[in-house]
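The next block holds one structure in the form of structure tokens; read it before the comments.
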There are 2 protein chains.
Amino acid sequence: MDLPQKTFENLPDKKRERVLAEATLEFAEHGYHQASVNRIVERLGIAKGSLFKYFGNKQGIFEYIFGHAVNQFKKPLKDIRNTTSGKDFFERIEKSLLAGCTFITAHPHIYRIYLKMLFQEDFPLRNTFLSEVRQASTKFLRPLVDQGIESGQLRNDLDPEMAVFHLDSVMDRFLQSYAVAHLDGGIGLYEADHEVLENKARAVTDFLRHGLGTTS
Amino acid sequence: MDLPQKTFENLPDKKRERVLAEATLEFAEHGYHQASVNRIVERLGIAKGSLFKYFGNKQGIFEYIFGHAVNQFKKPLKDIRNTTSGKDFFERIEKSLLAGCTFITAHPHIYRIYLKMLFQEDFPLRNTFLSEVRQASTKFLRPLVDQGIESGQLRNDLDPEMAVFHLDSVMDRFLQSYAVAHLDGGIGLYEADHEVLENKARAVTDFLRHGLGTTS
DNA sequence: AGATAAGGTGACCACCTGGTCACTTCTATC
DNA sequence: GATAGAAGTGACCAGGTGGTCACCTTATCT
């Protein structure tokens with residue numbers, strides 16, 4: 001067969017999933033360049049030639065894994081927006097935070113690769129992928145902010161773009177703290193269980209609601 | 001000479017600085033493992049053996065560069081705390097943001113290495129360095145928050161740890177947006193000039209002051 | 001001028017990398 | 001059971017890696 005992709009698609013489901021899982025893990029642990037095809041095939045117990053028949057080359061493996069990752073990440077956002085439509089703005093933010101944590105728990109390796117990609121310039125697909133993800137994030141938040149202003153829950157003198165930036169900063173860091181040590185500044189988010197996460201998500205949204213100052 | 005460090009210290013200032021500059025750039029561009037000793041010596045026009053005489057091994061190069069980096073980063077924070085003592089809380093935050101930008105402009109490569117280190121687990125010194133930096137950051141913010149509450153500028157029902165987390169999130173992201181594309185969510189922070197930075201720093205602190213909501 | 005020691009060199013090493021391809025093995029169809 | 005074609009294999013390749021070390025060059029001191 002000429003198309004390398006086809007061979008892989010024909011594989012039995014179980015094997016196909018095992019290959020993807022092992023490859024994803026390797027990229028999650030080592031990033032792109034430091035990831036080793038030799039290690040992947042060794043762990044899988046298959047020959048190196050097979051993997052290259054499936055995906056053509058190393059970049060092909062990576063692109064196959066990340067081809068569908070963006071959509072996996074976009075869908076929960078859409079669900080949140082639809083199911084919480086009309087609800088309180090800060091409640092929607094809170095729900096979004098918890099949805100993010102759920103995604104990370106379900107796809108921890110994908111999230112690790114994404115984080116590595118953030119500051120490592122030589123990842124394949126980096127520009128297209130990052131701009132897509134960032135755009136999805138702001139495209140999700142912007143309508144929430146606009147609706148929040150309309151309904152009178154947010155100050156009507158807000159700069160919406162600045163509000164999106166602010167929300168994005170805090171929410172991203174919340175998720176990073178859940179997934180990576182060192183970043184939670186001692187508030188105990190790292191690998192916290194569901195109950196703790198709910199409390200912290202509530203506390204964070206309260207800060208957003210009230211601000212820090214007494215002069216408002 | 002037995003001590004490899006000594007040889008390097010004896011070098012003429014100009015050469016020593018050139019070696020450090022070139023090595024720092026290499027690590028900033030490629031991270032630790034992907035950085036190439038061959039490329040460094042090639043750019044410097046010296047023999048590989050020389051570099052190994054100076055630093056012993058690759059990790060030695062990296063550790064020499066980062067040995068003093070922490071202090072370079074801590075000093076501006078101390079200066080800010082001392083020179084703005086007694087001033088308005090949000091003004092101090094604003095000044096800190098701009099000081100961060102100044103540091104990044106002065107040491108762009110160090111900051112790039114730090115960002116890469118955040119999510120790449122196999123950096124040498126990562127644990128010690130990261131915990132030191134994060135601790136410095138919270139140790140800087142905590143007294144500011146405490147004093148802000150005491151002086152009545154911050155709500156007295158604040159959870160100080162949560163406040164520090166919140167400030168840290170927004171400030172970190174502000175600096176990342178200044179240094180890395182993709183992250184500023186369209187508010188134009190990336191490589192912005194001084195005037196723009198001042199405006200944005202003001203806007204961000206205003207958000208912190210007032211919060212987002214109308215119910216306060 | 002000769003001696004001593006430091007600095008500087010680059011061919012060489014073992015090891016690992018992504019990638020290839022002639023070959024074997026399996027499996028389904030007739 | 002023969003045949004066709006897909007799936008699987010692993011020795012092999014060129015190129016890059018961090019690291020070594022016997023040798024050479026330069027500077028300093030008596």
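Labels below follow one simple rule: chain letters A, B, ... track the order of the sequence lines, proteins then strands, and each chain is numbered from 1.
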Rounded interatomic separation in angstrom, taking [atom1] from [X] and [atom2] from [N]:
X: B:F55; N: D:dG19; atom1: CZ; atom2: P; result: 13 Å
X: A:H30; N: D:dT17; atom1: NE2; atom2: C1'; result: 16 Å
X: B:L51; N: D:dG18; atom1: CG; atom2: P; result: 11 Å
X: B:N10; N: D:dT28; atom1: CG; atom2: P; result: 12 Å
X: A:L11; N: D:dA6; atom1: CG; atom2: P; result: 14 Å
X: B:F27; N: D:dG18; atom1: CZ; atom2: C1'; result: 11 Å
X: A:E42; N: D:dT9; atom1: CD; atom2: P; result: 14 Å
X: B:F62; N: D:dG19; atom1: CZ; atom2: C1'; result: 19 Å

With sequence neighbours excluded, tell me which residues meet side-chain contact (heavy atoms from CB on, under 4.5 Å) with A:D193.
A:E195, A:V196
Could you work out, with side-chain contact (heavy atoms from CB on, under 4.5 Å) as the rule, every residue matching A:I80, not counting sequence neighbours?
A:T84, A:K95, A:S96, A:A99, A:F140
Does the protein touch nucleotides 11-19 of chain C at the base, only the backbone, or not at all? Give it as B, S and - per nucleotide, heavy atoms under 4.0 Å.
------SBB
Counting only side-chain N and O atoms of B:Y54, is one of them less than 4.0 Å from OP1 or OP2 of C:dG7?
no
Can you check whether B:T7 has a side-chain N or O nearer than 4.0 Å to OP1 or OP2 of C:dG7?
yes
Under the rule for salt bridge (Lys or Arg N to Asp or Glu O under 4.0 Å), what residues qualify as partners of A:D146, not counting sequence neighbours?
A:R142
Name all residues meeting the salt bridge (Lys or Arg N to Asp or Glu O under 4.0 Å) criterion together with B:R126; count only those two or more places apart in sequence or in a different chain, and write none if there are none.
none
Could I get a table of every N or O pair under 3.5 Å where one atom is in the protein and the other is in nucleotides 22-27 of chain D?
none

Which residues pass the ring pair (Phe, Tyr, Trp, His ring centres under 6.0 Å) test with [X], not counting sequence neighbours?
X: A:Y178; value: none
X: A:F174; value: none
X: B:F89; value: none
X: A:H109; value: none

Spell out, as yes or no, whether a donor-acceptor pair under 3.5 Å connects the side chain of B:K116 to the backbone of A:Q120.
no
Tell me if a side-chain donor or acceptor on B:S131 pairs with a main-chain N or O of B:T128 at a distance below 3.5 Å.
yes
Applying side-chain hydrogen bond (donor to acceptor under 3.5 Å, both in side chains), name anything that partners A:D79, two or more places apart in sequence or on another chain.
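A:D79 satisfies side-chain hydrogen bond (donor to acceptor under 3.5 Å, both in side chains) with A:K75 once adjacent residues are dropped.
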Give the nucleotide from the list D:dG8, C:dG8, D:dT9 with an atom nearest to the side chain of A:A47.
D:dT9
Return the angle between end axes of the helix from C:dA1-D:dT30 to C:dC30-D:dG1, with five pairs used per end and rounding to 10°.
10°
